[in-house]
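What follows is a single structure, written as structure tokens, with notes after it.
Residue indices begin at 1 and follow the sequence shown.
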Amino acid sequence: MIELAPGLIHHPGYLDAAAQAALVADLAAILREAPPFTPTMPRTGKPFSVRMSNCGPLGWVSDRAGYRYQVAHPETGRPWPAMPAAVMRAWHDLAACPAEPEACLVNLYGPGTRMGLHQDRDEVEFDAPVLSLSLGATALFRYGGLERNAPTRSVRLASGDALVIGGPSRLIFHGVDRILSPDLLAPAAGPALPAAVPAGGRLNLTLRRVSAIRRA
Ligand SMILES: O=C(O)CCC(=O)C(=O)O
Ligand SMILES: [Fe+2]
């Protein structure tokens, strides 16, 4: 494990090849039950380039009305599928949090998809970390400080990597500059991703505690 900044902990190769393949199979079923949707920007309605789904009791959505968590898929109206046991295990293993995660956002990246610099701040509880798991093509992940204009660095997130965004880094600005094509890397790729993910693409899961942790 590598502490990139206080509370920002990279676990390269956290999931081995077998665990990645098993998680991809779980995600294929989740994406059939809760098909990827294209979120749009608040106010402008401009579409994101990343497509999304969720699992767990709550899911993150965005449209003209704003960013929010909700219990149902924005297009099917159905509840989100349950979080796979493997992602719950990763949370218990890495999050150092007394409460369960409530949302697992599933981001689908194609080779040209980016995600602009942002903070994850739609949750009520910031004492819990955000736990990220990556599958498929490697991403160039950018992270900075608590102000948008703070200096930034980047790290490659490869298939099987976990990243804990917590503690003093919980509200850092971060984003995905680009998805690296497999031929630039050795070894390439990771497991074959579900059909809903574009060829040469990437899946990223972020587990989040949304509501306040009840303290004794
Ligand atoms: O794909 C990633 O590595 C980051 C995703 C992210 O920042 C988010 O979904 O809020
Ligand atoms: Fe984020």
Stepwise side chain to side chain donor-acceptor pair (under 3.5 Å) test for Asn204 and Ser132: CA-CA 7 Å; Asn204 175 264; Ser132 143; 3.1 Å; yes
Verdict with supporting geometry, Thr138 and Arg156, side chain to side chain donor-acceptor pair (under 3.5 Å): CA-CA 6 Å; Thr138 297; Arg156 287 176 175 205; over 6 Å; no
Asp93/Tyr14 under side chain to side chain donor-acceptor pair (under 3.5 Å): CA gap, chis, key distance, verdict: CA-CA 11 Å; Asp93 194 18; Tyr14 173 70; 2.6 Å; yes
Step-by-step side chain to side chain contact (heavy atoms under 4.5 Å, CB included) determination, Leu171 to Arg121: CA-CA 7 Å; Leu171 291 173; Arg121 56 180 310 154; 3.9 Å; yes
Working for side chain to side chain donor-acceptor pair (under 3.5 Å), residues His10 and Asp161: CA-CA 7 Å; His10 184 199; Asp161 288 9; 2.9 Å; yes
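Summarising the geometry of Leu23 relative to Pro84, their closest heavy-atom pair is CD1-CG, 4.2 Å, with the distance given to 0.1 Å. Taking each heavy atom of Trp91 and Ala128 in turn, the nearest pair found is CH2-CB, 4.3 Å. The minimum heavy-atom distance between Pro36 and Leu31, with the atom names listed, is CD-O, 4.0 Å. For the pair Val164 and Leu94, the tightest heavy-atom approach, listed with the atom from each and the gap, is CG2-O, 3.9 Å. In terms of heavy-atom proximity, Ala34 sits nearest to Ser53 at O-OG, 2.6 Å. Residues Val50 and Pro39 come closest through the heavy atom pair O-CD, 3.4 Å.
The hydrophobic cluster containing Met115 also contains Leu157, counting ILVMFWY residues as joined when their side-chain heavy atoms lie under 4.5 angstrom apart, directly or transitively. Under a hydrophobic clustering in which Ile, Leu, Val, Met, Phe, Trp and Tyr are joined whenever their side-chain heavy atoms come within less than 4.5 Å, directly or via other members, Val61 and Val71 fall into the same cluster. By the criterion of side-chain heavy atoms lying less than 4.5 angstrom apart, applied directly or through intervening Ile, Leu, Val, Met, Phe, Trp or Tyr residues, Val155 is grouped together with Ile165 in one hydrophobic cluster. Connection of Leu27 to Leu15 is established within a shared hydrophobic cluster, with ILVMFWY side chains joined at heavy-atom distances below 4.5 Å, either directly or through further cluster members. Under a hydrophobic clustering in which Ile, Leu, Val, Met, Phe, Trp and Tyr are joined whenever their side-chain heavy atoms come within less than 4.5 Å, directly or via other members, Val210 and Met88 fall into different clusters.
The OH atom of Tyr69 sits 8.0 Å away from atom CG of Asn54, with the distance rounded to the nearest 0.5 Å. One finds the NE2 atom of His118 at 8.5 Å from the OH atom of Tyr67 (value rounded to the nearest 0.5 Å). A distance of 12.5 Å separates CZ of Arg43 from CG of Asp63, quoted to the nearest 0.5 Å. Rounding to the nearest 0.5 Å places CG of Leu140 at 9.5 Å from CZ of Arg114. Here the CG-CG distance, from Leu105 to Leu58, works out to 12.0 Å after rounding to the nearest 0.5 Å. The structure places CH2 of Trp80 at 11.5 Å from CD1 of Ile30, a figure rounded to the nearest 0.5 Å.
Results of the salt bridge (charged side-chain N to carboxylate O under 4.0 Å, His left out) test with Glu123 over Arg68, Arg209, Arg170 single out Arg170 as the only residue that passes.
Residues Val87 and Leu207 form a side-chain contact, since some pair of their non-hydrogen atoms from C-beta on lies under 4.5 Å apart. Using a 4.5 Å cut-off on side-chain heavy atoms (C-beta onward), Arg142 and Phe173 make no contact. Within the 4.5 Å cutoff, no side-chain heavy atoms of Thr206 are placed close to those of Cys104. Taking the side chain as every heavy atom from C-beta outward, Pro198 and Thr113 never approach each other to under 4.5 Å. For the pair Ile9/Leu4, no side-chain contact is recorded, criterion being any heavy-atom separation below 4.5 Å from C-beta on. Looking at Leu135 and Leu193, their side chains come closer than 4.5 Å, going by heavy atoms from C-beta outward. Between Leu203 and Asn107 there is no side-chain heavy-atom pair separated by less than 4.5 Å. Put simply, the side chain of Glu33 reaches to within 4.5 Å of the side chain of Arg78, judged on heavy atoms.
Ser134 places no side-chain N or O within 3.5 Å of a backbone atom of Ala158 that could act as its donor or acceptor partner. No donor-acceptor pair under 3.5 Å is formed between the side chain of Thr40 and the backbone N or O of Pro47. With Glu147 contributing its side chain and Asn149 its backbone, the two residues share no donor-acceptor pair below 3.5 Å.
A salt bridge links Asp127 with Arg215: at least one charged nitrogen is closer than 4.0 Å to a carboxylate oxygen. Using a cutoff of 4.0 Å between basic side-chain nitrogens and carboxylate oxygens, Arg214 and Glu125 are not scored as salt-bridged. Using a 4.0 Å cut-off between a side-chain N of Lys or Arg and a carboxylate O of Asp or Glu, Glu102 and Arg208 do not qualify as a salt bridge.
Under the 6.0 Å distance and 45° angle rule, Arg202 counts as a cation-pi partner of Tyr109.
Checked by atom type, the side-chain pair Asp122/Trp60 shows a donor-acceptor distance below 3.5 Å.
Aromatic ring centroids of His174 and Phe141 lie under 6.0 Å apart.
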